[in-house]
Amino acid sequence: MNYISKSGKEYICLLQMHCNVDQKELKEIISQFVGEIYQKPPVRSSVKRRIRKRRIYAIDILDMQDKLILLRVQSDAGTYMRKLCHDVGVIAGCGSHMRELRRIRSGIFTEKTNMVTLQEVSESLYLYRNCKDESELRRILLPMEYGVCGIPKVIVSDTAVNAITYGAKLNLPGILAYQNFRKNQDVAVLTLKGELVAIGESIVESKQLESGKKGEVIRPKRIFMERDIYPKSWK
C-alpha cells in the first residue's frame, strides 16, 4: 500500500465560494493552479506543516450552481484539496472552502474499473464460505503485481531470481530488460513471467546500464517471492 499511495490521484471536489464569481473569472483563477505549486498542509493534517511542492495536472469545472462549483482534479499524491479550495478563494478575494471530497482514482485503481466496496468484499467472502462460490472473490482479488504499476521495473533472468529472494543485490548480468530509473529510486524486480520478486532501491541510474559493465544495480528493500521457487544457481 505504501507504493500505491504514492501514485497519482484524481478527485471530485465540491468548492463553495463565499461570494458570487463570474464563471470566466473563476476559470482564469483555477488555471493558475495547474502545474507545479507550493502548498503548506492545513492545520488539521497528519504531516508536518512545512511548504512543499506538488504538481496538479488538470482541474476541470464539471458544474456550477450559485456559489457551489464541482471540480475534477488530477494531482500528485499528497496534494491537499482543502488547501487548493482555500487558495482559490484567496485569489478571488472573498474566500472559499471545500464542502465535499471523493477520491475516484489512486494510481491505476479507479471507481469504474478495479475498485470495490467493503460490502462487495463481505458478500464475496460469504459466497465463498457458505456457497462454495469463488467467482466473486476471484473477480475482486487482483495479483500483487498491480501494485507496482506506478514504479519503474526491471526484468531479470531465471538464474538471478533465487539469489534475490535470499537478499542478494541484483547485478547487471542478471538484468534482461528495464525501464528508465534514477539513482536511489524504488524499482520493481520481475521475472520473465511477470512475477514480482522484490522491490529495491537503485544503486545507479539506468543510463549507466548501457555501458554493459558489471556492477550492482538494485539493492532489495522488500522481498515478495518465497525462497527456492526458482532453482538455485549461486554458490
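Along the sequence shown, residues are numbered consecutively beginning with 1. Because the structure is predicted, anything quoted here is derived from the model rather than measured.
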query = Would one find more than 12 heavy atoms of other residues, nucleotides or ligands at under 6.0 Å from atom OH of Y166?
reply = yes

Those residues that, when tested against H86, pass ring-ring contact (aromatic ring centres under 6.0 Å, His included) (two or more places apart) = none

ask   = Does atom CZ of R222 have more than 12 heavy-atom neighbours, drawn from other residues, nucleotides or ligands, at distances under 6.0 Å?
value = no

ask   = Side-chain contact, heavy-atom cut-off 4.5 Å: L125 with L137?
value = yes

query = Under 4.5 Å between side-chain heavy atoms, hopping through other hydrophobics if needed: is there a path connecting I59 to M17?
reply = yes

task = Heavy atoms only: give me the nearest D228-T165 pair and the separation to one decimal.
result = N-OG1, 4.4 Å

query = What is the distance from atom CD1 of I69 to atom CD of Q16, rounded to the nearest 0.5 Å?
reply = 8.5 Å

query = Between V154 and I175, which heavy-atom pair has the shortest distance, and what is it?
reply = CB-CG2, 4.5 Å

ask   = Do V189 and F224 share a hydrophobic cluster (ILVMFWY, side-chain heavy atoms under 4.5 Å, transitive)?
value = no

inquiry  = Strictly distance-based, threshold 3.5 Å: is any side-chain N or O of R49 a donor or acceptor partner for the main-chain N or O of P41?
reply    = yes

ask   = Any idea which heavy atoms bring V217 and L172 closest together, and the distance?
value = CG2-N, 3.7 Å

task = Determine, using the 4.5 Å side-chain heavy-atom cutoff (strictly less than), whether M64 and M81 are members of one ILVMFWY cluster.
result = yes

key: Any donor-acceptor pair under 3.5 Å from N171 side chain to P173 backbone   = no

hydrophobic_cluster_shared for I164 and I155, side chain cutoff 4.5 Å = no

message = If you count every heavy atom of other residues, nucleotides or ligands that lies below 6.0 Å from E100 atom CD, does the total exceed 12?
response = no

message = Using a 6.0 Å cut-off, check whether atom OH of Y128 has over 12 heavy atoms from anything other than its own residue.
response = no

query = Between CG of L190 and CE of M225, what distance do you get to the nearest 0.5 Å?
reply = 9.0 Å

query = Is the backbone of E123 close enough, under 3.5 Å, to the side chain of E136 for a donor and an acceptor to pair up by distance?
reply = no

ask   = Is R182 atom CZ crowded by more than 12 heavy atoms from other residues, nucleotides or ligands, each under 6.0 Å away?
value = no

ask   = To the nearest 0.5 Å, what is the distance between CG (D63) and CG (D60)?
value = 13.0 Å

note = What one should report as the nearest heavy-atom pair of Y230 and N162 is O-CG, 3.5 Å

message = Does either side chain, that of E28 or that of Q32, offer a donor lying less than 3.5 Å from an acceptor on the other one?
response = no

pair Y11-T79: side-chain heavy atoms closer than 4.5 Å = no

ask   = Do E201 side-chain atoms and R219 backbone N/O form a donor-acceptor pair below 3.5 Å?
value = no

More than 12 heavy atoms of other groups within 6.0 Å of K207 NZ = no

key: OH/Y57: more than 12 non-hydrogen atoms of other groups inside 6.0 Å   = yes

task = Enter the distance from Q208:CD to E210:CD here, rounded to the nearest 0.5 Å.
result = 10.0 Å

task = May I ask you to decide if L68's main-chain N or O and R99's side chain share a donor-acceptor pair within less than 3.5 Å?
result = no

inquiry  = With a 3.5 Å distance limit and no angle check, can you tell me whether S106 reaches the backbone of K9 through a side-chain donor-acceptor pair?
reply    = no

note = Here the gap from L101 atom CG to L84 atom CG, rounded to the nearest 0.5 Å, amounts to 10.5 Å

query = Just by modelled atom types, is the D186 backbone N or O under 3.5 Å from a matching donor or acceptor in the K221 side chain?
reply = no

ask   = Side-chain contact, heavy-atom cut-off 4.5 Å: V88 with L26?
value = yes

task = Give, for atom CZ of F33 and atom CD1 of I91, the distance between the pair rounded to the nearest 0.5 Å.
result = 5.0 Å

message = Under a 3.5 Å distance rule, please check whether R105 uses its side chain to pair with a backbone N or O of G107 as donor and acceptor.
response = yes

message = With heavy-atom distances below 4.5 Å as the criterion, would you say the side chains of I51 and Q39 are in contact?
response = no

query = Just by distance, do the side chain of S122 and the backbone of L118 share a donor-acceptor pair under 3.5 Å?
reply = no

Chi angles and distances behind the side-chain contact (heavy atoms from CB on, under 4.5 Å) call for M98, C13 = CA-CA 7 Å; M98 185 182 74; C13 177; 3.7 Å; yes

key: Side-chain donor or acceptor of S96 paired with backbone N/O of G89 under 3.5 Å   = yes

query = For I218 and S202, which heavy atoms make the closest approach, and how far apart are they?
reply = CD1-CA, 3.9 Å

request  = Would you mind reporting whether K67 and H18 have side-chain heavy atoms less than 4.5 Å apart?
outcome  = no

ask   = Going by heavy atoms in the side chains, are Y38 and D87 under 4.5 Å from each other?
value = no

key: Distance-minimising heavy-atom pair for E111 and R103   = OE2-O, 4.1 Å

ask   = Do you reckon I29 sits in the same ILVMFWY cluster as I61, going by side-chain contacts under 4.5 Å, direct or chained?
value = yes

